[in-house]
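Data first, discussion second: the structure below is written as structure tokens.
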Amino acid sequence: MKFYNKLISWYLQNKRTLPWRETKNPYFIWLSEIMLQQTRVAQGLAYYLKFTETFPTVFDLAKADESTVLKMWQGLGYYSRARNLHYSAKHIANELNGEFPSTYKEIIKLKGIGDYTASAIASICFNEPTAVVDGNVYRVLSRYFGISTAINSTAGIKEFKTIAQSLIDKKQPGTYNQAIMDFGALHCKPQNPLCDSCPFANSCVAFEKKLTKALPVKEKKIKIRKRYFNFLVIKTNNNKTILSERKGKGIWQGLYEFPLIETEQIINKNELISNQYFTDLFPNETTISLFNKKEIVHKLSHQHLYTQFWIVETKSLENATISWESIQDFPVPILISNFLEEFQPKN
DNA sequence: CACGCGTGGGT
DNA sequence: TACCCAAGCGT
């Protein structure tokens, strides 16, 4: 029996029922694929439902402000996905007359869509036999064939793509692609794979050689940078505050935050008020209190943010124009969102 | 092309 | 605890 027959047979008996599996509308498939990049189904599902309800067509998404899109994306992370999604929605609506491109070659030209996503959309929506290679596929193939080439090396990326392409069922590429990913997610799991009940147990190299735990091989591990953030949560006597949009290349681009003083280490109140930026911002008298007695450690994939929220009360400021009631309309990082939840509980 | 980009769950 | 992992992509 061919690899794909065994795989699809497993899939038809074990696949998850998911809303994006009930459609071949490329706009919906696109949405789901972007949301699920580096993201678990359990986390992305609610966002998918919210997006498809609020933006039922690509035109609705294209019409929205980027800030609105980011607000809906808030909490899902990797916010460049949302910005690129919105950018491409405008491109499709305005330049392509709302028609989603229908071949791998055209789909991959869209911003935010790479080899994986183009393959997924082309196969699922347009029946084009282009194999997806995601984290699940790397794991399944490296184990099944006993391949120890690092999955994040240039050689590995090429090797696994070639193998994946050679295994695809050309008559039902979309089903095949989803099958191998679901198999990886549910059966050939990173930890504790279900080898005892595996349909591939009699032909899996890793199972035979007891290499399951050693595969796939991944090179390098990331370095974590420590940063020290001091947010100035301003409350003027006319009940306004300051929020500003993060620009540039770093984290949280396009999201909003309180005025930020970044330091080399944890600081105390005296060090705060002697900071140049602080004295420039507050020429007048202030009342300062530290909201969190112990610094909050917010962990991103490459950074640990040791964070202090300073409540600064002062008389009215020219720059302080944001009313406290309107803060909830701005897209903010989870770190800020969690703070606001504690500082100003709803209801 | 090696690196940076979020958040949450699991061990 | 400190890792690892999750339907990757842009630069």
Side-chain angles (χ1 to χ4, degrees), chain A residues 15-16 18-21 28-48 70 73-85 87-88 107-124 130-140 150-158 160-161 164 174 176-186 188-193 213 216-225 227 246 248-255 297-305 331-338:
Chain A
K15 69 172 178 176
R16 291 171 284 188
L18 299 166
W20 48 86
R21 289 187 171 159
F28 291 142
I29 299 299
W30 174 44
L31 268 182
S32 72
E33 292 299 343
I34 300 299
M35 287 181 172
L36 292 174
Q37 287 169 8
Q38 301 291 284
T39 303
R40 286 186 163 74
V41 167
Q43 193 190 359
L45 181 56
Y47 288 83
Y48 175 83
L70 283 169
W73 200 272
Q74 181 178 307
L76 201 50
Y78 284 157
Y79 297 95
S80 65
R81 293 183 293 172
R83 299 194 307 270
N84 290 334
L85 181 78
Y87 179 94
S88 291
I107 294 168
I108 202 171
K109 290 178 182 172
L110 296 170
K111 203 166 201 174
I113 295 189
D115 178 73
Y116 163 78
T117 305
S119 300
I121 297 172
S123 64
I124 294 168
T130 49
V132 296
V133 183
D134 73 333
N136 294 305
V137 176
Y138 281 124
R139 187 169 54 257
V140 172
I151 61 172
N152 56 347
S153 67
T154 306
I157 292 167
K158 206 176 161 188
F160 283 99
K161 178 75 182 181
Y176 169 85
N177 276 336
Q178 294 187 79
I180 194 167
M181 290 191 286
D182 246 21
F183 181 72
L186 302 175
C188 192
K189 301 181 292 178
Q191 274 89 33
N192 309 314
K213 291 182 85 169
V217 172
K218 204 170 183 177
E219 286 179 341
K220 317 159 199 164
K221 60 169 199 174
I222 60 174
K223 280 185 199 164
I224 303 292
R225 178 158 69 119
R227 301 176 74 180
R246 285 189 72 99
K249 295 229 163 188
I251 58 174
W252 301 330
Q253 190 186 332
L255 275 59
V297 186
H298 186 74
K299 297 177 177 179
L300 291 78
S301 54
H302 287 66
Q303 303 180 22
H304 287 183
L305 309 178
V332 296
I334 281 297
L335 175 60
I336 304 281
S337 173
N338 288 344

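Labels below follow one simple rule: chain letters A, B, ... track the order of the sequence lines, proteins then strands, and each chain is numbered from 1.
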Scan A:Asn152 against the nucleic acid and name what it touches under 4.0 Å (heavy atoms): base, sugar-phosphate only, or nothing. nothing
Rounded to whole Å, the CD-C1' distance (A:Gln303 to B:dC3) equals 12 Å
Using the side-chain heavy atoms of A:Ile251, tell me which of these nucleotides is nearest: B:dC5, C:dG8, B:dT7. B:dC5
For a quick check of understanding: with a heavy-atom distance under 4.0 Å over all strands, which category does A:Gly184 fall into, base, sugar-phosphate or nothing? nothing
Atom pair distance, as rounded to whole Å: CD in A:Gln74 and P in B:dG8: 10 Å
Take the protein atom CD of A:Gln253 and the nucleotide atom P of B:dC5, then report the distance between them rounded to whole Å. 11 Å
Considering residues at least two apart in sequence or located in another chain, which fulfil the ring-ring contact (aromatic ring centres under 6.0 Å, His included) criterion with A:Tyr48? A:Trp20
Across all chains, not counting sequence neighbours, the salt bridge (Lys or Arg N to Asp or Glu O under 4.0 Å) partners of A:Arg40 are none
Let me know the distance between NE2 of A:His298 and C1' of B:dG6, rounded to the nearest Å. 7 Å
Partner set under side-chain contact (heavy atoms from CB on, under 4.5 Å) for A:Lys111, not counting sequence neighbours: A:Asn84, A:Tyr87, A:Ser88
Just by distance, no angles: are the side chains of A:Arg81 and A:Gln37 close enough, under 3.5 Å, to form a donor-acceptor pair? no
Taking the nucleotide of DNA chain C with the closest heavy atom to each, which residue, A:Tyr78 or A:Gln191, is nearer the 5' end? A:Gln191
Residues passing the side-chain contact (heavy atoms from CB on, under 4.5 Å) test with A:Ala155, sequence neighbours excluded, are A:Thr149, A:Ser153
So which one's nearest nucleotide on DNA chain B is more toward 5', A:Lys223 or A:Val332? A:Lys223
Closest to the A:Thr117 side chain: C:dC9, B:dG4, B:dT7? C:dC9
For A:Leu85 and A:Leu31, what are the C-alpha separation, side-chain angles and deciding distance, and is it a side chain to side chain contact (heavy atoms under 4.5 Å, CB included)? CA-CA 8 Å; A:Leu85 181 78; A:Leu31 268 182; 3.7 Å; yes
Just compare C:dT11, C:dC9, B:dT11 and give me whichever is closest to any side-chain atom of A:Lys111. C:dT11
Contacts of A:Asp115 that satisfy salt bridge (Lys or Arg N to Asp or Glu O under 4.0 Å) - sequence neighbours left out: A:Lys161
Partners passing side-chain contact (heavy atoms from CB on, under 4.5 Å) against A:Lys158 (at least two apart in sequence or in another chain): none
With rounding to the closest Å, how many angstrom separate the P atoms on B:dC1 and C:dA6? 25 Å
Stems of at least 3 consecutive Watson-Crick or G-U wobble pairs (donor-acceptor distances under 3.5 Å) involving DNA chain B, listed by first number, are B:2-5 with C:8-11, B:7-11 with C:2-6
Contact class for A:Asp115 (heavy atom, under 4.0 Å): base, sugar-phosphate, or nothing? sugar-phosphate
Under the side-chain contact (heavy atoms from CB on, under 4.5 Å) rule, collect the residues that match up with A:Ser123, sequence neighbours excluded. A:Thr130, A:Pro173, A:Asn177
With P as the reference atom in both, quote the distance from B:dG6 to C:dT11 in angstrom, rounded to an integer. 14 Å
Could you tell me the separation between the NE2 atom of A:His304 and the CZ atom of A:Arg227, rounded to the nearest 0.5 Å? 13.0 Å
Phosphate OP1/OP2 of B:dT7 contacted by A:Trp252 side-chain N/O (<4.0 Å): yes
Just do the side chain to side chain contact (heavy atoms under 4.5 Å, CB included) check on A:Tyr138 and A:Val133 with the steps written out, would you? CA-CA 7 Å; A:Tyr138 281 124; A:Val133 183; 3.5 Å; yes
Check every atom of B:dG6, B:dG8, B:dC3 against the side chain of A:Tyr79 and return the nucleotide holding the closest atom. B:dG6
Euclidean distance for P, C:dC4 against B:dG4 (whole angstrom): 16 Å
Report the distance from atom CD1 of A:Ile151 to atom C1' of C:dC4, rounded to the nearest whole Å. 12 Å
For a quick check of understanding: with a heavy-atom distance under 4.0 Å over all strands, which category does A:Ile222 fall into, base, sugar-phosphate or nothing? nothing
Output the rounded distance in Å from CD1 (A:Ile108) to C1' (C:dG10). 12 Å
Among C:dC5, B:dA2, B:dG6, which nucleotide sits nearest the side chain of A:Leu300? B:dG6
Nearest-Å distance for atom pair CD1/P, residues A:Ile107 and C:dG8: 17 Å
At a heavy-atom distance below 4.0 Å, what parts of residues 34-48 of chain A sit against DNA chain B? A:Gln38, A:Thr39, A:Arg40, A:Gln43
Nearest-Å distance, CZ (A:Arg83) to C1' (C:dC9)? 12 Å
May I ask you to verify if any side-chain N or O of A:His304 is less than 4.0 angstrom from the OP1 or OP2 atom of C:dA2? no
